[in-house]
Protein chains: 2
Amino acid sequence: MPVTIKNIAAELGLSVSTVSKALNDYPDIAPQTRQLVKETARRMGYRASAAARSLRTRRTNTIGLIFCIIDRHLTDPYYLDLLASIGEECSRQGFDLLLSVCPDRRLERSAYERMVDGKRVDGMILTGTRHGDGRIAYLVERGFPFVSLGRSERDGDFPYVDVDGAKGINDGVQHLIDQGYGRIGFVGLPPELVCAGHRFQGYQTTLEKGGLGLDPRLVTHCDCLTQEAGYQAMQGLLELDEPPDAACVCSDVMALGAMGAVQERGLAMGRDFGIVGFDDIPMAAQVQPPLTSIRQPIYEVGTRLCRMLIKVVEGEPLAESHVILGPTLVIRESSGPYQRGWAR
Amino acid sequence: MPVTIKNIAAELGLSVSTVSKALNDYPDIAPQTRQLVKETARRMGYRASAAARSLRTRRTNTIGLIFCIIDRHLTDPYYLDLLASIGEECSRQGFDLLLSVCPDRRLERSAYERMVDGKRVDGMILTGTRHGDGRIAYLVERGFPFVSLGRSERDGDFPYVDVDGAKGINDGVQHLIDQGYGRIGFVGLPPELVCAGHRFQGYQTTLEKGGLGLDPRLVTHCDCLTQEAGYQAMQGLLELDEPPDAACVCSDVMALGAMGAVQERGLAMGRDFGIVGFDDIPMAAQVQPPLTSIRQPIYEVGTRLCRMLIKVVEGEPLAESHVILGPTLVIRESSGPYQRGWAR
DNA sequence: CTTGACAACTAAAACGTTTTTGGGTATAAT
DNA sequence: ATTATACCCAAAAACGTTTTAGTTGTCAAG
């Protein structure tokens, strides 16, 4: 039923190999033949069978992406933008994107094996590198092409794109200091994430540079990137004997939850209490008050990841295999100048 | 390098066909042989080549999904949840999910052709049915298995899952009426979407039922589902000579933008002006004031779509091929009782 | 002793490509 | 007239499975 290369050959009285070569622009095919074949193929509505082609060429022209969803809620717009940028670049390059969503960390390994060992994809994009990342170990051991979003110091040398989290947090914390906040808390990412450490370092060094000591009680983190978790974390900080008057929250989604907790206490955001988020999701600009946030160039990250991986897959050399992109602080009202103390 | 069925056969001194049959539980294989083969396969780390298998069986065990992104921003959490639910169900059923993101409506057709004619997937999930939907025409013509999220009256008979938008809007508008709002606007979806019509009907009938006439000036719509568009639409309504005192906005993301426009005018949300959104994204509960919204059972929608499609692909009969799920109104503060008039 | 039935396995074709090798026919060079 | 050189095309193998159609061996029934 579907039209194959053989049908075209029969139609034209040519051999299969000639047709194949014509379609693939081999040099030893007469220009007119090539023309004729392509014309006929189009007329007959021919499309190469992906399976047959990849069986023969050992290439799938597909890249794999696995999202491991904890808690059944992956509603962070950040991921959707990442996905969109990767997907778009894939399309441009004629690649497909095979996506797997696994609801449980324990199923993650088998999801990778399915894609990699089942030869379903040519390469993988890995997001959110973790300490002692089993996925990296696996891919390195297999010698399978991959790039990652996020560094991983000790796990071997592989191409990655990362955002300079320390720099981002530095800008954010410094901004809070400049606005007059003196007791600045930190709501970090799940500690297993490599980038969580970088961001904390940014917090630490900027406090020191600003002459503010680090109070460990003001440092907390969320185990998942949800509003609820951000709300809880901020609750914890506000219940301290000496609560903070500002906080740097490592994800906007978490920051929105944190804002809720602050406002619930009757504190005026951007006056009594300052918050800086991370990611600069679209919602950040719309919420009341608008949320100051450290913008990640997420579209560029996704695009670069995709381009790098495709180069690796095709065996081309990478101009740079370790890319660190700079975030930019977007100042809005949630970090307005500090106006009064906690006790009022 | 990768271990194939032939390697296993050689290792055990069996034929390829025996190994294949053993792995696939054919009855004419001795139980002990089957056992031995499976054991050995596992030990050697065997994984069937997806390409070879699907070349032979004409099945890919993959379903396709194409997101057409307008405006480079697909940050609606709704889609991420939909994607997550579809992805999870795929995993459970041992299917892969091939995702294509096309930045331009003009590239949509070729994205479909790539998946369908290139035999990359066994079936497609189509989202957001449109009037005179070219995708449906194409798939029907090809006789290709698909299910859709959303009805389509005239385009032929195919399985779908839909949410009862008329019912949802009905509940929302009735709620606004009950809260004392008397001049209720409507911010609809892009009119090309089939569901846009259903929702508008819900608006219309509920107004009539409530004895409120329909003022066409209070009816507007957005061309894309962004906050910005919602903001603009609401601006338009508020600039009328006789502006509304409430509005039903057909997507939460748009509703958040609309809330911004309302608040910018100095109106108190949930007192001077009521808003009901649609989708009940997580953000709705967190924003200030929390947004009343019509919840779509999006996880169930995704799961059902996936299950139905897989049944169709496998040639099993569908218990019900036209599923309409009910939304539920989640009441929050953005639709608090009407307290004062526009002029103050 | 043949026949048939059954169980357990194998041979081989097929799926639709790509690619290597090689063959034939012009044209050009010796 | 012979040889070399392009040029164009065809044959065939290969990729790793699945599946149809046997083949072998054993055992029971006739």
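Order of the sequence lines fixes the chain letters, A, B, ..., with proteins taken first and strands second; residue numbering starts at 1 for each chain. Worth saying up front: this structure is predicted, and the values here are computed from it rather than measured.
Rounded to an integer number of Å, the gap from I29(B) CD1 to dT18(D) C1' is 13 Å. Distance, N24(B) CG to dT19(D) P: 7 Å, rounded to whole Å.
Looking at R135(A) and E113(A), no side-chain N of the basic residue comes within less than 4.0 Å of a carboxylate O on the acidic one, giving no salt bridge. Contact check on R120(B) versus D96(B) returns no salt bridge, with no Lys/Arg side-chain nitrogen under 4.0 Å from an Asp/Glu carboxylate oxygen. Checked for salt-bridge contact, R43(A) and E39(A) miss the test: no charged N lies under 4.0 Å from a carboxylate O. A salt bridge links E108(A) to R130(A): at least one charged side-chain nitrogen sits closer than 4.0 Å to a carboxylate oxygen.
T4(B) comes within 4.0 angstrom of the backbone, heavy atoms only, and of no base.
Heavy-atom distances to DNA chain D give each of V16(A) and R34(A) a nearest nucleotide, and the one nearer the 5′ end belongs to R34(A). Mapped onto DNA chain C by nearest heavy atom, S15(B) and K119(B) fall at different nucleotides, with S15(B) at the one closer to the 5' end.
Contacts between residues 42-59 of chain A and DNA chain D, defined by a heavy-atom separation below 4.0 Å, involve L55(A), R56(A), R58(A), listed by number.
Using a 4.0 Å cutoff to heavy atoms of chain B, the contacted part of DNA chain C runs 5' to 3' from dA8(C) to dG16(C).
The closest donor-acceptor contact from the side chain of T40(B) to the backbone of L36(B) lies under 3.5 Å.
Under the side chain to side chain contact (heavy atoms under 4.5 Å, CB included) rule, L309(B) has a single partner from I86(B), D122(B), I63(B), which is I63(B).
Nearest heavy-atom pair across G150(B) and T129(B) is O-CG2, 3.2 Å. C306(A) approaches C90(A) most closely through the heavy-atom pair SG-SG, 3.5 Å.
A perpendicular orientation is assigned to the rings of Y138(A) and Y112(A), their planes being inclined by more than 60° (bins at 30° and 60°).
Taking only side-chain nitrogens and oxygens, S20(B) comes nearer than 4.0 Å to OP1 or OP2 of dT18(D).
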- Using a 4.0 Å cut-off on protein heavy atoms (strictly under), produce a 5'-to-3' string for nucleotides 20-26 of chain D with B for base contact, S for backbone-only sugar-phosphate contact, and - for none. BB-----
- So I8(B) and Y46(B), side-chain contact (heavy atoms from CB on, under 4.5 Å) or not? Walk me through it. CA-CA 8 Å; I8(B) 302 178; Y46(B) 168 78; 3.7 Å; yes
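With values rounded to the nearest 0.5 angstrom, M44(B) atom CE is found 11.5 Å from I5(B) atom CD1.
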